[in-house]
Number of protein chains: 2
Amino acid sequence: MTQRSAGVDHRRTDTRDRALSVGLRLFATQGYANTSLREIADELGVTKAALYFHFKTKEDILSGILLDHIGAINAMVEEAGPSLATLDGREVLLRRVAEYQAGRSTHLVRLIRENFTEISNLPFGAEIKKGQRRLLEALAGPDATLVGRIRARTAFMAIQTAAMAAEWESADEKDVHEATLAIALEVLRGGDSG
Amino acid sequence: MTQRSAGVDHRRTDTRDRALSVGLRLFATQGYANTSLREIADELGVTKAALYFHFKTKEDILSGILLDHIGAINAMVEEAGPSLATLDGREVLLRRVAEYQAGRSTHLVRLIRENFTEISNLPFGAEIKKGQRRLLEALAGPDATLVGRIRARTAFMAIQTAAMAAEWESADEKDVHEATLAIALEVLRGGDSG
DNA sequence: GTCTATATATGGATAGAC
DNA sequence: GTCTATCCATATATAGAC
């Protein structure tokens, strides 16, 4: 939920939503620290002061962008629940994560990946880290060995990178995603079957 | 070569080298944009102005840190040469890359990975990107299919991530590296043998 | 090689009018 | 909701003495 009200929208402008969208793109392509409020405001056709009506601080914009994402990841892990005890259940979770990330613009993935240090040092950065940690543990399964945890991490990294690979590979985006998912599943599965 | 002269060192101080070292650590842990020259100078026990004797600009410090790295990666690819036509040769290259990255402090890997957007937009950022692209193509081998290229990328990402995994995994660092290399080789190898 | 002092720009953020 | 005007902190970078 990016909007505040669930029913009819009583807002007089859509500046807030547009700011989140522009902010996502600029933060992802230029970096959070390198993007000024003036740049965002200019693209929106408003002044910096106008932004401060919608967001208390610059961090607030970043927070607004990321909150949905954290929620979605956490929800997927929780929904998986007891099914994570089996390899099949964990494969389903990995497929869902891949689907989710492929559906989003590449910007969100890039934003988190390439501004990870900065985000980590932010007040709510701990939440992001905790979410990723939980996801990796879920993918690794209960009582995972070191090798199992590394498999989970590698599989997740493959998926994550694929979301940005459209720029790198000349191939069709859908083909890249499918091939990557196949390899990620292969990695997660590993030699064993439990 | 971080030093300017090959023979006896005639410099009166080691400020330049220490600056590169401190800069690497701060850039990696806080981000390039979030690290000021004052912070670096303070840690060195000198003033900002002193830094400007050794480096023309702030970017120059980053450049000084990264130049060695680019050279090392390029050298490894070129040394591999015709051996890259075989899977065995490509596995050797991957091992060398893993060895190289594990030997360095985690900071260099983090610096590149988590400031990639910023570095890309820098004047010499194209060199970094070109170097990584060449490495991935080398690992994939000549006439690689899409799947082959994704395997190469995934294997490399696994290695790269392992260099930072000491903080995440409670296990012994050496064990993490060994297990990761094994999985990376497995991914690179894939189903086929050519 | 390093210092003090300063030029200059830009950033985030606020006050108050409309 | 948005504006103009402004505050204030901090940043990179330079000038010139020692």
Side-chain angles (χ1 to χ4, degrees), chain A residues 2-5 8-24 26-27 29-66 115 117-119 121-125, chain B residues 2-5 8-24 26-27 29-66 115 117-119 121-125:
Chain A
T2 297
Q3 298 180 5
R4 277 91 142 243
S5 57
V8 178
D9 198 337
H10 290 115
R11 293 170 306 166
R12 312 259 296 278
T13 70
D14 59 348
T15 300
R16 190 191 141 92
D17 285 348
R18 286 169 56 229
L20 290 176
S21 171
V22 169
L24 169 58
L26 293 184
F27 289 162
T29 54
Q30 307 180 332
Y32 173 71
N34 292 323
T35 302
S36 67
L37 297 178
R38 186 189 52 73
E39 282 179 282
I40 298 177
D42 281 358
E43 276 214 30
L44 293 175
V46 299
T47 61
K48 281 191 297 174
L51 280 180
Y52 276 96
F53 173 80
H54 299 281
F55 305 93
K56 218 169 71 71
T57 65
K58 183 186 179 186
E59 276 182 29
D60 240 47
I61 301 180
L62 182 56
S63 158
I65 292 170
L66 295 177
N115 294 274
T117 302
E118 268 176 286
I119 291 175
N121 293 334
L122 256 37
F124 63 97
Chain B
T2 296
Q3 299 181 6
R4 276 93 141 242
S5 57
V8 179
D9 197 337
H10 290 115
R11 294 170 305 167
R12 313 259 295 280
T13 69
D14 59 349
T15 300
R16 190 190 143 91
D17 285 348
R18 286 169 56 228
L20 289 175
S21 172
V22 168
L24 170 58
L26 294 183
F27 289 163
T29 53
Q30 306 181 333
Y32 173 71
N34 292 322
T35 302
S36 68
L37 297 178
R38 187 189 52 72
E39 282 179 282
I40 298 178
D42 280 358
E43 277 216 27
L44 293 174
V46 299
T47 63
K48 282 191 294 174
L51 280 180
Y52 276 96
F53 173 82
H54 299 281
F55 305 93
K56 217 170 75 71
T57 65
K58 183 186 178 185
E59 276 182 30
D60 239 49
I61 302 180
L62 182 56
S63 158
I65 292 170
L66 295 176
N115 294 273
T117 302
E118 267 177 286
I119 292 176
N121 293 334
L122 256 35
F124 63 97

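Bear in mind that the values here come from a model prediction, so they are computed numbers and not experimental data. Just so it is clear: chains get the letters A, B, ... in the order the sequence lines come, proteins before strands, and each one is counted from 1.
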Expressed in angstrom and rounded to an integer, what is the separation of B/Ile40 atom CD1 from D/dA13 atom C1'? 14 Å
A/Tyr52 ring centre to A/Lys58 NZ or CZ under 6.0 Å, with the angle to the axis within 45°? no
Would a 4.5 Å heavy-atom cut-off, applied to side chains only, mark B/Leu66 and B/Phe124 as touching? yes
Among D/dC3, C/dT4, D/dG1, find the nucleotide with the atom closest to the side chain of B/Thr47. C/dT4
My understanding is that only one of A/Asn34, A/Ile61, A/Asn115 makes a side-chain contact (heavy atoms from CB on, under 4.5 Å) with A/Phe27; could you say which? A/Ile61
Applying side-chain hydrogen bond (donor to acceptor under 3.5 Å, both in side chains) to B/Asp42 and not counting sequence neighbours gives B/Arg38
How many whole angstroms separate atom CZ of B/Phe55 from atom P of D/dT14? 15 Å
From C/dC3, D/dT2, C/dG1, nucleotide with atom closest to A/His54 side chain: D/dT2
A/Leu51 CG to D/dT2 P, straight-line distance once rounded to whole Å: 9 Å
Let me know the distance between CZ of A/Phe53 and P of D/dT2, rounded to the nearest Å. 8 Å
How about B/Phe55 and B/Leu20: do any of their side-chain heavy atoms sit closer than 4.5 Å? yes
Sub-4.5 Å side-chain heavy-atom contact between B/Thr29 and B/Thr35: no
Without decimals, in angstroms, what is the distance between B/Gln30 CD and D/dA11 P? 11 Å
Whole-Å distance, A/Arg12 CZ to D/dT2 C1', equals 11 Å
Atom CG of A/Asp17 and atom P of D/dG1: how far apart are they, to the nearest Å? 12 Å
Check: protein-nucleotides 11-18 of chain C nitrogen or oxygen pairs below 3.5 Å:
{"unit_1": "C/dG12", "atom_1": "OP1", "unit_2": "A/Lys58", "atom_2": "NZ", "d": "3.1"}
{"unit_1": "C/dG12", "atom_1": "OP2", "unit_2": "A/Leu37", "atom_2": "N", "d": "2.9"}
{"unit_1": "C/dG12", "atom_1": "N7", "unit_2": "A/Lys48", "atom_2": "NZ", "d": "3.1"}
{"unit_1": "C/dA13", "atom_1": "OP2", "unit_2": "A/Tyr52", "atom_2": "OH", "d": "2.9"}
{"unit_1": "C/dA13", "atom_1": "OP2", "unit_2": "A/Lys58", "atom_2": "N", "d": "2.9"}
{"unit_1": "C/dA13", "atom_1": "O5'", "unit_2": "A/Tyr52", "atom_2": "OH", "d": "3.2"}
{"unit_1": "C/dA13", "atom_1": "N6", "unit_2": "A/Lys48", "atom_2": "NZ", "d": "3.3"}

